[in-house]
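These notes concern the structure reproduced below.
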Amino acid sequence: RKEDWYRLHLETNRRDPLIGRILNQIWGEDTAVPEPAFTSTAFPYGGSYVLRNGWKPGSHYLYFIAARNGRGHKDNCGNAVILEAFGRKLLVDSGTYRVLEPFPEAADKRRYLTSSFAHNTISVDGNSQNREDAPMATGFRDTIPARWLSSDEFDFTEGWYPYGYGTTTDVTHRRQIFFLRTSGLY
């Protein structure tokens, strides 16, 4: 149950008040814990960007995936977005899928669920992204080539997906997101 996990998590992480504040705002419990001081944030080495206008239920939340090609995670989700607003999930991720299903159709399901078609990004001429052929990042000494700007009024981020689609390698997808935080408009 969520309540049991929440209590256990708070008990084991009392030394980290940030975790308590974030969980409080996600689940709307334990009102003695104040909201975190930040809303939007960037993880420039991993390529994840979170644009939000608050921590209350119903606040606007957008997660932008401008990640580099890493070792284990090979979903074709470059420049994908996940969006929640007004207490509803508006754009969702396809979720996880068990890789080792003992059924013949498992490979087809996995191929679809890791494709661009199952994520909120684009396809080109009916083709998914081809991250399988992209060079794998081995070290993270530099941030990924993406832009991020955040202020009290707005957030802006931009990412590039340069690895092509299908057998076409000369297509680059650039996505920009502008979030007018005070109005809740993207």
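Note that the numbering runs from 1 along the sequence shown for the chain. None of these values were measured; they are calculated from a predicted model.
A donor-acceptor distance shorter than 3.5 angstrom exists from the side chain of Ser116 to the backbone of Gln129, with no hydrogens or angles considered. Although no hydrogens or angles enter the test, the distance criterion places no donor-acceptor pair under 3.5 Å between the side chain of Asn120 and the main chain of Asp93. Not a single donor-acceptor pair under 3.5 Å links the side chain of Ser183 to the backbone N or O of Leu180. Remark: side-chain polar atoms of Asn130 are not paired, donor with acceptor, to backbone N or O of Thr169 under 3.5 angstrom. Of the possible donor and acceptor atoms, none in the side chain of Ser123 sits under 3.5 Å from a partner among the backbone N and O of Gly126.
In this structure, a donor-acceptor pair under 3.5 Å is absent between the side chains of Ser115 and Asn76. Remark: the Ser40 side chain and the Asp155 side chain contain an N/O donor-acceptor pair separated by less than 3.5 Å.
At a threshold of 4.5 Å between side-chain heavy atoms, the hydrophobic network of Ile, Leu, Val, Met, Phe, Trp and Tyr places Val50 and Ile82 in one connected group. Residues Phe64 and Val92 fall into different hydrophobic clusters, defined by Ile, Leu, Val, Met, Phe, Trp and Tyr side chains chained together at heavy-atom separations under 4.5 Å. Connection of Leu90 to Val81 is established within a shared hydrophobic cluster, with ILVMFWY side chains joined at heavy-atom distances below 4.5 Å, either directly or through further cluster members.
The two residues Trp160 and Arg174 have their closest heavy-atom pair at NE1-CD, 3.2 Å. Residues Ala66 and Gly159 approach most closely at CB-CA, 4.0 Å, considering heavy atoms. Nearest approach of Tyr186 to Leu51, heavy atoms of both residues: OH-O, 3.6 Å.
Note: Thr121 OG1 to Asp75 CG = 11.5 Å, rounded to the nearest 0.5 Å. Taking CG from Asn127 and OH from Tyr165, the interatomic distance works out to 10.5 Å, rounded to the nearest 0.5 Å. For the atom pair Ser48 OG and Tyr63 OH, the distance stands at 3.0 Å (nearest 0.5 Å). In this structure, OG1 on Thr172 lies 8.0 Å from CG on Asp170, to the nearest 0.5 angstrom. Distance NE2/His60 to CZ/Phe86: 3.5 Å, rounded to 0.5 Å. Between Leu113 atom CG and His119 atom NE2 the span is 8.0 Å, to the nearest 0.5 Å.
Ring centroid separation for the pair Tyr61 and Trp55 does not come in under the 6.0 Å cut-off. For an aromatic pair to be called close, the ring centres must be under 6.0 Å apart, and Tyr161 with Tyr163 satisfies this. Checked against the 6.0 Å centroid criterion, the rings of Trp148 and Tyr49 qualify as a close aromatic pair.
Put simply, the side chain of Leu185 does not reach to within 4.5 Å of the side chain of Phe178, judged on heavy atoms.
Under the 4.0 Å criterion applied to side-chain N and carboxylate O atoms, Arg181 and Glu153 are not assigned as salt-bridge partners.
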Yes or no on side-chain contact (heavy atoms from CB on, under 4.5 Å) for Gln176 and Phe156, after CA distance, side-chain angles and deciding distance?
-> CA-CA 7 Å; Gln176 297 178 333; Phe156 172 81; 3.9 Å; yes

Phe117 and Tyr112: CA distance, side-chain angles, deciding distance, ring pair (Phe, Tyr, Trp, His ring centres under 6.0 Å) verdict = CA-CA 7 Å; Phe117 307 114; Tyr112 172 75; 7.0 Å; no

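The side-chain contact (heavy atoms from CB on, under 4.5 Å) with Leu62 is formed by just one residue from the set Thr157, Leu91, Leu83; it is Leu83.
The side-chain hydrogen bond (donor to acceptor under 3.5 Å, both in side chains) analysis of residues 80-91, with sequence neighbours excluded, yields the pairs Glu84-Lys89.
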